[in-house]
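Here's the structure, in structure tokens; my notes come after.
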Number of protein chains: 2
Amino acid sequence: MKRKPSTEATAAWIRLMRVQSRVLDAVEQDLKKAGFPPLAWYDALLELSRSPTGEMRPVELEKQMLIPQYSTSRLIDRLVDEGLAVRRECKMDKRGQFVEITEAGRELQKKMWGAYSAAIEKHVGSKLSDADALKLCGLLDRLGCSCGDVKAPAIVKEGIPSR
Amino acid sequence: MKRKPSTEATAAWIRLMRVQSRVLDAVEQDLKKAGFPPLAWYDALLELSRSPTGEMRPVELEKQMLIPQYSTSRLIDRLVDEGLAVRRECKMDKRGQFVEITEAGRELQKKMWGAYSAAIEKHVGSKLSDADALKLCGLLDRLGCSCGDVKAPAIVKEGIPSR
DNA sequence: AGTGACTAAATGCATATGCATGGAATAGTC
DNA sequence: GACTATTCCATGCATATGCATTTAGTCACT
């Protein structure tokens, strides 16, 4: 295996990091200006709201969101503190628990989507044609295993995406 | 202006975030396993080593790295604490100072590039053809203003990139 | 020369994150 | 049934980050 990346691969990686970081900063700023909590709250609430029963095991949320276990634990803490979710014990597995979204959580998720979708349009949608967006997805898929991912395209068709 | 992004734009954004995050985690893990400090140290040392005089104003470093001022200040603190850089006063502007890379800093930057380049090849280079990498760059450039950016392609030709 | 606006950089305080650890429980094997 | 490895989740401690504020200095204008 080659040990040195080509200049093209290196440039692509650097560009990927810089652009993603810049756009994410802009999106987060838009959300903050609109008075919303961090994007991770939205992501968690979205995953919970998409669950048929409105509840998930923390370990499932952890897998969907691709964050460390201790991050999941603490994110749930914050959602619970704000009344956006509740913890309930899992009868089948006493080690674990369920996290269930509350009505307030569903409301916030919907409201955040309003600002989040506007931010996506502003920083991404207005700069890429649909054809280019599809091309970008295809290229990015080469870098990450997309098969095991949440079916983002299918979910996006619902109009409310997963991250 | 449209308020709602297309499903393609949304999917592209989500994919961008997930893939970048996954690849960055993998790269950071590789660096950590090799016993190196965080990638931000590398970026700062690279910027400093590329300066003709080996020194920069913190505000210049801040602009190159696209990080907040207080992050720059603290990152420099850490580099200085480890003997990788030194702070020197700026005669022309008594408010400011110069940050100069040390020999140890140049050494670390080179050593890190060895592991960093291998990680880029492993997680990016082995998965994208050069043609695809160029396409990816072109698409990403649509999302961010690349004119004012550090001339990454030119820098990459040196074999040691900027982020 | 004086002044107001702006800049460069550090820092206090609060919050978030990284990591390893620990406790309780489950699952698989013998 | 006993035992072991693994899993699920929370958390202590240390470090990093976000933010506003502060201080010292610069610059353009009058």
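Proteins come first, then strands; the chains are lettered A, B, ... in the order of their sequence lines, and each starts at number 1.
One atom, CD of B:Q97, and another, C1' of C:dA10, lie 9 Å apart when rounded to the nearest Å. Atom CG of A:L79 is separated from atom C1' of C:dA16 by 14 Å (rounded to the nearest Å). Taking atom CG of B:D93 as the reference point, atom C1' of D:dT23 lies 14 Å away to the nearest angstrom. For the pair B:I76 CD1 and C:dT11 C1', the computed distance is 14 Å after rounding to whole Å. In this structure, B:E28 places its CD atom 15 Å from C1' of C:dC19, rounding to the nearest Å. Rounded to whole angstrom, the span from the CG atom of B:L75 across to the P atom of C:dA9 amounts to 14 Å. Rounded to a whole Å, the NZ atom of B:K91 is 17 Å from the C1' atom of C:dA8.
Side-chain atoms of B:S73 lie closest to C:dA9 of the nucleotides C:dA9, C:dT17, D:dA16. Residue A:K94 places its side chain closer to C:dT26 than to any other of C:dT26, D:dC9, D:dA10. Nearest nucleotide to the A:V59 side chain, out of D:dC9, D:dG25, C:dT17: D:dC9.
Although no hydrogens or angles enter the test, the distance criterion places a donor-acceptor pair under 3.5 Å between the side chain of B:E60 and the main chain of B:R57. Not one N or O on the side chain of B:T72 forms a donor-acceptor pair closer than 3.5 Å with the backbone of B:P58. Without hydrogens or angle criteria, A:S117 side chain to A:W113 main chain gives a donor-acceptor distance under 3.5 Å.
Residue-level contact check: B:D77 touches neither bases nor backbone, having no heavy atom under 4.0 Å from any strand.
Remark: A:R87 is in phosphate contact with D:dA10, judged by side-chain N or O atoms under 4.0 Å from OP1 or OP2. For B:R57, a side-chain nitrogen or oxygen approaches OP1 or OP2 of C:dA9 to under 4.0 Å.
With values rounded to the nearest 0.5 angstrom, A:E121 atom CD is found 8.5 Å from B:T10 atom OG1. Atom CG of A:L143 is separated from atom CG of B:L136 by 6.5 Å, given to the nearest 0.5 angstrom.
Put simply, the side chain of B:R95 and the base of D:dT26 share no donor and acceptor less than 3.5 Å apart. Between the side chain of B:Q69 and the base of C:dA10, a donor-acceptor pair under 3.5 Å is found.
Along DNA chain D, the nucleotide nearest to A:R74 and the one nearest to B:Y70 differ in position, and the one closer to the 5' end is contacted by A:R74.
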